[in-house]
2 protein chains.
Amino acid sequence: MEQSQLCPRFEKALEILSKRWTAKIVYQLQSGPQRFVWIENSLPNLSGKVLSERLKELEAEGIIQRDVYPETPVRIEYQLTDKGKAFAPLFKEISSWAEQWVELPPTPEE
Amino acid sequence: MEQSQLCPRFEKALEILSKRWTAKIVYQLQSGPQRFVWIENSLPNLSGKVLSERLKELEAEGIIQRDVYPETPVRIEYQLTDKGKAFAPLFKEISSWAEQWVELPPTPEE
DNA sequence: AATCTTAGTTACATAAAGTAAGTGATAAAG
DNA sequence: CTTTATCACTTACTTTATGTAACTAAGATT
């Protein structure tokens with residue numbers, strides 16, 4: 001009985017996307033460079049601890065770039081690299097799948 | 001300071017995709033109806049316990065369908081619904097992103 | 001009766017994520 | 001100058017999610 005074998009590049013991409021918060025962070029950065037606290041506030045329930053981990057991972061993957069502005073207090077901005085920006089068509093696909101197939105639960109009346 | 005607000009459908013889609021194993025299971029099912037053990041074997045490190053949870057979730061989302069064939073021993077097959085098949089273009093996008101941007105680590109020489 | 005199959009479930013152990021308090025550098029306020 | 005404030009994180013601790021391995025149920029085979 002043989003195993004289906006995934007293309008390793010594809011598998012890597014899936015792993016990036018399937019990791020909790022990663023896709024949301026990348027999506028959030030599509031709107032431009034942002035600081036730590038801004039990203040944190042824009043994603044409810046994402047803790048600073050995990051955000052910090054994810055930003056490091058994404059930087060290591062070359063998907064985002066970390067820029068330090070030695071002002072006072074220091075300003076640090078995260079932005080997508082070309083590799084990160086290249087996710088755009090993918091988000092578009094997710095979006096059109098969602099529009100066609102996701103049913104929203106009825107808004108509860110108060 | 002206002003928060004960026006995700007479209008709830010889009011967010012739902014992201015949540016489905018970002019949940020560990022979900023995307024891989026759906027991708028695996030793109031090749032046709034499959035039984036529990038087959039899916040389990042095709043995805044290394046996925047435990048039967050989590051597979052069982054995910055299949056229930058995906059069925060509840062209407063992304064897969066569970067068919068029971070009362071043979072002996074019973075045969076149960078999982079297959080994508082139209083909603084699940086509609087992920088195909090998304091996988092294609094992931095794939096083309098991966099081909100363009102994912103660098104493979106050099107194969108270690110023995 | 002003991003054994004085999006499939007499709008799971010259960011109990012327990014480990015890993016990942018959430019929470020809240022703390023750090024270090026700098027500056028402005030009292 | 002000592003306290004307070006800001007930002008970008010860490011650290012210690014708790015809760016949740018996942019992995020592992022053994023077990024169950026129902027019918028067929030030996």
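Chain letters run A, B, ... following the sequence lines, proteins first, then strands; residues in each count from 1.
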Quickly work out the [X] [atom1] to [N] [atom2] distance and round it to whole Å.
X	N	atom1	atom2	answer
Lys49(A)	dG18(C)	NZ	P	8 Å
Glu40(B)	dT9(C)	CD	P	12 Å
Asn45(B)	dA16(C)	CG	C1'	16 Å
Gln34(B)	dT6(C)	CD	C1'	16 Å
Leu51(A)	dC7(D)	CG	P	15 Å
Leu46(A)	dA16(C)	CG	P	17 Å
Ile39(B)	dA7(C)	CD1	P	9 Å
Lys24(A)	dA17(C)	NZ	C1'	14 Å

Checklist entry - Does a side chain donor of either Gln34(A) or Glu77(A) reach within less than 3.5 Å of an acceptor in the other side chain? => result no

Checklist entry - Can Glu59(A) and Gln65(A) be counted as having a side-chain donor-acceptor contact under 3.5 angstrom? => result no

Checklist entry - Under the side-chain contact (heavy atoms from CB on, under 4.5 Å) criterion, do Leu104(A) and Arg9(B) qualify, and how do the steps go? => result CA-CA 7 Å; Leu104(A) 292 181; Arg9(B) 290 172 207 265; 3.9 Å; yes

Checklist outcome for this item: Of dG19(D), dA7(C), dT19(C), the nucleotide closest to the side chain of Val37(B) is dA7(C)

Checklist outcome for this item: Of dT20(D), dT18(D), dC7(D), the nucleotide closest to the side chain of Arg35(A) is dC7(D)

Item to check | Lys/Arg-Asp/Glu bridge criterion (N-O < 4.0 Å) met for Glu61(A), Lys12(A) | outcome: yes

Checklist entry - For DNA chain D, which residues in residues 55-66 of chain A have a heavy atom at a distance below 4.0 Å? => result Lys56(A), Arg66(A)

Next on the checklist: Does Ser95(B) form a side-chain contact (heavy atoms from CB on, under 4.5 Å) with Glu99(B)? I'd like the steps, not just the answer.
Outcome noted: CA-CA 6 Å; Ser95(B) 180; Glu99(B) 276 181 36; 4.0 Å; yes

Next on the checklist: Tell me the closest heavy-atom pair linking Arg66(A) and Ile76(A), and the distance in Å.
Outcome noted: NH2-CD1, 3.3 Å

Checklist entry - Aromatic ring centroids of Phe87(A) and Tyr27(A) under 6.0 Å? => result no

Next on the checklist: Check this one for me: any side-chain N or O of Trp38(B) less than 4.0 Å away from OP1 or OP2 of dA7(C)?
Outcome noted: no

Checklist entry - Can you list, by residue number, the residues of residues 68-80 of chain A that have a non-hydrogen atom closer than 4.0 angstrom to DNA chain C? => result Thr72(A)

Checklist entry - For Glu103(B), does the CD atom have more than 12 heavy-atom neighbours from other residues, nucleotides or ligands under 6.0 Å away? => result no

Checklist entry - Can you name the side chain to side chain contact (heavy atoms under 4.5 Å, CB included) partners of Glu15(A), sequence neighbours left out? => result Glu11(A), Lys24(B)

Item to check | Arg20(A) or Ser52(A), whichever maps to the more 5' nucleotide of DNA chain D | outcome: Ser52(A)

